[in-house]
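Letters A, B, ... are given to chains in the order of the sequence lines, protein chains preceding strands, and every chain is numbered from 1.
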Amino acid sequence: MSAYLTKRISYMLIILLAASLLIFSLYALTPGDYISNNIKLSPERKAELREIYGLNKPLLERYGIWMKNAIHGDLGYSLAQQKPVLTLFNEYIWNSFLLAIVSTFLTWLIAVIVGVVSAYKQYSWFDTLMTILIFAAMSLPSFFIGLFLIKILAVDLKWLPPGGMLTTGTNAVGMAYFKEVIHHMTLPVIVMTLLGVGSLSRYFRSSMIDVIKQDYIRTARAKGLKESKVLFRHALRNALLPAITLVGFELPALFGGSIIIEKIFNWPGIGQLYMQSFGLRDYPLLMGFTMLLAILTVIGTLISDVLYQIADPRVRLH
Amino acid sequence: MKDLIKIDHLSTYFDNGNGKVKAVDDISLRVREGETVCIVGESGCGKSVTAMSIMGLVEEPGGKVVNGQIHFNGKDLLQLSKNELRTIRGNDISMIFQEPMSSLNPVLKIGEQIMEPLIVHQNLSKKEARERAIQLIEQVGISRAGQIVDSYPHELSGGMLQRIMIAIAISGNPKLLIADEPTTALDVTIQAQILDMLRQFKEQSNMSIMLITHDLGVVAEMADYVIVMYAGKIVEEGEVVKLFQSPKHPYTQGLLKSKPVINQRQDELYSIPGQVPNPLELTESCYFHDRCAHCMDICRTKQPKLSEVAEQQKAACWLYEEAVVHV
């Protein structure tokens, strides 16, 4: 196992190096930068600023500096926000993470339940109803569902706030603060869960249908086990195996924020910051964020491979 | 000998949307205590569906036992609730299957899978069940039982897995063991070992065996009584020696003729001409008529009943009906 990990981690470093090169060239070779955006500056002032920020150095040297700092845990300085990139990440990412972790948990929980029941009672009224609802939810764009729910639940019924993370002008602390955040996050979490449940529950349904037909399920029944045992101990464990691959992809999604949802619900998350930085061509922040996602993706894949080995005795990592 | 299980007029149909398939069509049979009954027939003749009907595990969509009674221990298994049937399944009646490689759950340890029915049916604690599991593994002739108990199915060979299946099946001291083609997927030497083992357990505990097979060699070796099925019907049944010596039904005769004989060189092995009829297109007739060399007019229009044709031997064939004028 440790030999495998050493090998995998060295591969990961190579992949990340290649990714960093790609990410850097993408942003560095795009014409224009943060400074050329600002029409109020005179050409002399622009040249001066480029000198200060090191943007006039040869490309390879700039990459070298960026990498050197990155290895030392410094992803650079946001030109637009005038703060270190990592400080900004720390300010915004956890807000996105909060939405993502709650909705991911709910999505998986609901998807497993819906998937298992639909598979077990295939073509029943429950299965048919779920299929219709899932395809309806999957066919509607996220902004539509988002705005629709804001109209119904926030504007008309006034049950939930339409956006933001805290009530404007609030100075709640402790439990009150906690409650306020939960109150505000309910709507975006509902929308994100609705959007995620669809495809995932279809996935579990088909996986479960395959497993239920296996010989070992017949054996389990022939042994006289309770149907719940057959389903959850014998079938579900096997049906969940292919989903482990998805766990790896969830890791970057947990920290990556959601551009559309955060925009609709005015949630102060990393997705909004990312979108805003795009408009301003704040390249250090964009590079840093893309790199962070690359790192998380690579780690996520490693985690899912290791989980596979734990969950499925037939898998041996070499 | 007392009847252990008695099946009366069992019919199991499948409806897959294209029409009704009579997989098992009004069959009656019995297995007496300590007896081995073999059910023989080609693929799709209803042998396995008969077994699954007994177990209450006809589970493919559209499959249903539509008629009949299965008397076991003074109860009709078809009238029992799911819970009552579950206490019999894997305990009084247990079953082993054709494909040992896929019959065990790949993500659970061998030990856990043997322990499950012990915990459910005999209320053993986990620790007791584990000890019993190790005993059972030894009993089916696998050494290093202490190690095997903690291994996974993919680490064992097909023959060993079938032994494990037998260990699971005999763990509750069943009165009836249903073996659905238990040796088909195994090579010949392992086959013999598995059959020996079944016979040995049968003698030790006076267990009855219902053995489903298409291998007449296995039948000759194991059976006390043989039932021949064709297209969901029983066409002939009888005591094993009699049936092998003088088969009555043309289908049984064909089956026996198509079996290779050791030390006898044949250029070409006999095979019954024609194909098994499409179960969706069956009409009132002897289902074997278009493959039969003795086919008469009545065979095409009327179904023969299973009736006594010799001592301890029954056949469903118009050739043996006295009222029919033979042509």
Taking B:Lys109, B:Arg86, B:Met52 one by one, which has the highest count of heavy-atom pairs under 4.5 Å against chain A?
-> B:Arg86
Top contributor to chain A contacts, counting heavy-atom pairs under 4.5 Å, from B:Pro117, B:Pro106, B:Gly90 = B:Pro106
Closest non-hydrogen contact found for B:Ser103 with A:Arg218 is OG-NH2, 4.4 Å
When you look at CG of A:Leu307, are more than 12 heavy atoms from neighbouring residues, nucleotides or ligands closer to it than 6.0 Å?
-> yes
Flag side-chain contact, heavy atom, 4.5 Å: B:Gln113 against A:Lys223 | yes
Would A:Arg221 and B:Met55 satisfy side chain to side chain contact (heavy atoms under 4.5 Å, CB included), going step by step from the backbone distance to the final call?
-> CA-CA 9 Å; A:Arg221 291 201 172 113; B:Met55 295 293 278; over 6 Å; no
If one checks every heavy atom of A:Lys226 against chain B at 4.5 Å, the contacting part turns out to be both
Shortest non-hydrogen contact from B:His154 toward A:Pro313 | CE1-O, 3.3 Å
Could you tell me whether A:Lys229 and B:Glu116 have a side-chain N and a carboxylate O separated by less than 4.0 Å?
-> no
Okay, A:Ala220 and chain B: the region with an atom under 4.5 Å from a heavy atom over there is neither
Engaged part of B:Asn91 at the chain A interface, taking heavy atoms whose separation is under 4.5 Å = neither
Select one option (side chain, backbone, both, neither) describing which atoms of B:Glu155 are under 4.5 Å from chain A's heavy atoms.
-> neither
Value for CG (B:Asn105) from CD1 (A:Ile217), rounded to nearest 0.5 Å, stands at 6.0 Å
So which residues of residues 236-256 of chain A are in contact with chain B at a heavy-atom cut-off of under 4.5 Å?
-> A:Arg237, A:Asn238, A:Leu241
Just give me the residue among B:Met101, B:Lys82, B:Glu112 that pairs up with chain A most often, heavy atom to heavy atom, under 4.5 Å.
-> B:Glu112
A:Phe148, CZ atom: more than 12 neighbouring heavy atoms under 6.0 Å = no
Using a cut-off of 6.0 Å, state whether more than 12 heavy atoms not belonging to A:Tyr11 lie near its atom OH.
-> no
Taking only residues at least two apart or on different chains, which pairs with a member in residues 191-227 of chain A satisfy ring pair (Phe, Tyr, Trp, His ring centres under 6.0 Å)?
-> A:Trp108-A:Phe204
Portion of B:Ser94 that has a non-hydrogen atom of chain A nearer than 4.5 angstrom = neither
Can you say whether B:Val120 sits under 4.5 Å from chain A via the side chain, the backbone, both, or neither, judging by heavy atoms?
-> side chain
